[in-house]
Protein chains: 2
Amino acid sequence: MNPLSPLGDTFTELVLEVFRVNRLLLEAGDQLTKPVALSSARWQVLGVVEHGPIPVAHVARIMGLTRQSVQQTADGLAADGLIVYSDNPHHRRAKLMTLTTKGREALDYVQERHAEWANQLGATHTLEDLQTAVQVLRQIRESLDPSPEPEADA
Amino acid sequence: MNPLSPLGDTFTELVLEVFRVNRLLLEAGDQLTKPVALSSARWQVLGVVEHGPIPVAHVARIMGLTRQSVQQTADGLAADGLIVYSDNPHHRRAKLMTLTTKGREALDYVQERHAEWANQLGATHTLEDLQTAVQVLRQIRESLDPSPEPEADA
DNA sequence: ACCAAATTGACAGTACACTGTCAAAAACTA
DNA sequence: TAGTTTTTGACAGTGTACTGTCAATTTGGT
């Protein structure tokens, strides 16, 4: 009755697991960032801005999101004083997102808590299994994504 | 400078990969379901209703979503005639979501296309690697989820 | 039978992703 | 230089998830 092959079936299981884990991870991230008025989305944007002033559209490309989505997040960050838009000598419209002291402090706090969290959760697996999982997901991403992209600093 | 252990670091890589693959999978699902006016969210709800008439709140628990979220999706499905709310002999308020002929046909179509898609993408991995990925994600989910839950029919 | 607690749907509001469109600015091409 | 294309931000609208709250209903305890 079901034309799913064993591989297709296990792949489907994996897909459903990705959906659920995605939601739980966002939830965990929101808890992690709550004390400094951040959120998973804001934190990820700050994590890119951290490397230096950068326009919204660039961040969107790096993160694989639309610039409209990042713009919305960035406006929220600016409204809360975690970043400021500074002039871009190379482009009149595309202002640069720049981390403020408040943003720097919030990010420091979250990164510290994130490290503890990731170390703890990572420790319940073998390095080999984690790497296999990463590799499988990466391959799936490359199969689905028309625009593969570079990784930032190791 | 970075207090991340090798395991914590690889775990973090995995988290970011989950975020991105999640988005791409939803996108792929939306493409898959587009010809029959469905979407990833609607399809997943239909996939539960398929097993028999069931109240919204039950579907929410099965899927690990809030009932408000499923309610919204279900109302859309009802508005488009893919399900109907039928009376529940055991509960006056909690009406039963029931698949209509139109819903059945849409689901058949999507399941057929899904099987082809999953078989094809699954075939680019070994069964062992897929199972490891599933197992790692499942373990992460159990670490994060206060309410673990049963799997439906194999 | 009664009362308290849990479940359910309805409604309101929020966060974050998407698409589509427009005009300004920049980059490219001939 | 002039004209076209691409990039960018702004704005509007949608889908799907969340929280919180309320009243109706059901369930469970005494």
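All chains are named by letter (A, B, ...) in the order of the sequence lines, taking the proteins before the strands, and each is independently numbered beginning at 1. Computed over heavy atoms, backbone and side chain alike; hydrogens, waters and symmetry mates excluded.
Atoms NZ (Lys34(B)) and P (dC18(C)) sit 15 Å apart, rounded to a whole Å. If you take CG of Leu26(A) and P of dC16(C), they are 10 Å apart, rounded to a whole angstrom. Between Leu24(B) atom CG and dC18(C) atom C1' there is a gap of 13 Å when expressed in whole angstrom units. One can place CD of Glu27(B) at 12 Å from C1' of dT19(C), the figure rounded to the nearest angstrom. With rounding to whole Å, His58(B) atom NE2 is found 13 Å from dT25(D) atom C1'. For the pair Arg61(B) CZ and dG9(C) P, the interatomic distance rounds to 9 Å; values are reported in whole Å. For the pair Arg23(A) CZ and dT19(D) C1', the interatomic distance rounds to 15 Å; values are reported in whole Å. Put simply, CG on Asp75(A) is 13 Å from P on dA12(D), counting in whole angstrom units.
Along DNA chain C, the nucleotide nearest to Pro55(B) and the one nearest to Thr73(A) differ in position, and the one closer to the 5' end is contacted by Pro55(B).
Out of dC18(C), dT8(D), dT16(D), the shortest distance to the side chain of Ser39(B) is found at dT16(D). Picking from dG9(D), dT16(D), dC18(D) the nucleotide with the shortest atom distance to the side chain of Gln71(A) gives dG9(D). Considering only the side chain of Arg67(A), dA10(D) comes nearest among dT16(D), dA10(D), dA25(C). Checking dA17(C), dA24(D), dC18(D) against the side-chain heavy atoms of Ala41(A) singles out dA17(C) as nearest. Closest contact between the side chain of Ser69(A) and the listed nucleotides dA17(C), dT19(C), dC18(D) involves dA17(C). When each of dC18(D), dG9(C), dA17(C) is scored by its nearest atom to the side-chain atoms of Ala94(B), the top-ranked nucleotide is dG9(C). Closest approach to the Arg92(A) side chain among dG9(C), dA26(C), dT16(D) is made by dA26(C) (side chain taken as heavy atoms from C-beta onward). Set against dT8(C), dA17(D), dA25(C), the side chain of His91(B) has dT8(C) as its closest nucleotide.
As judged by a 4.0 angstrom heavy-atom cut-off over every strand, Ser40(A) is placed among residues making no nucleic acid contact.
Contact of Gln68(B) with dG9(C) (side chain to base): no donor-acceptor pair of N or O atoms is detected under 3.5 Å. Looking at Arg93(B), its side chain has no donor and acceptor atom pair within 3.5 Å of the base of dT25(D).
Within a 6.0 Å sphere centred on CD of Glu50(B), heavy atoms belonging to other residues, nucleotides or ligands number more than 12.
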Open item on the list: Please evaluate residues Trp43(A) and Tyr109(A) with respect to the criterion ring-ring contact (aromatic ring centres under 6.0 Å, His included), reporting the C-alpha separation (whole Å), side-chain torsions for both, the decisive distance (0.1 Å), and the verdict.
Closed with: CA-CA 11 Å; Trp43(A) 166 29; Tyr109(A) 173 85; over 10 Å; no
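Under the 3.5 Å distance criterion, with hydrogens and angles disregarded, no donor-acceptor pair is assigned to the side chains of Ser39(A) and Thr33(A). A donor-acceptor contact closer than 3.5 angstrom links the side chains of Ser86(A) and Thr98(A). A side-chain donor-acceptor contact under 3.5 Å links Asn119(A) and Ser5(B).
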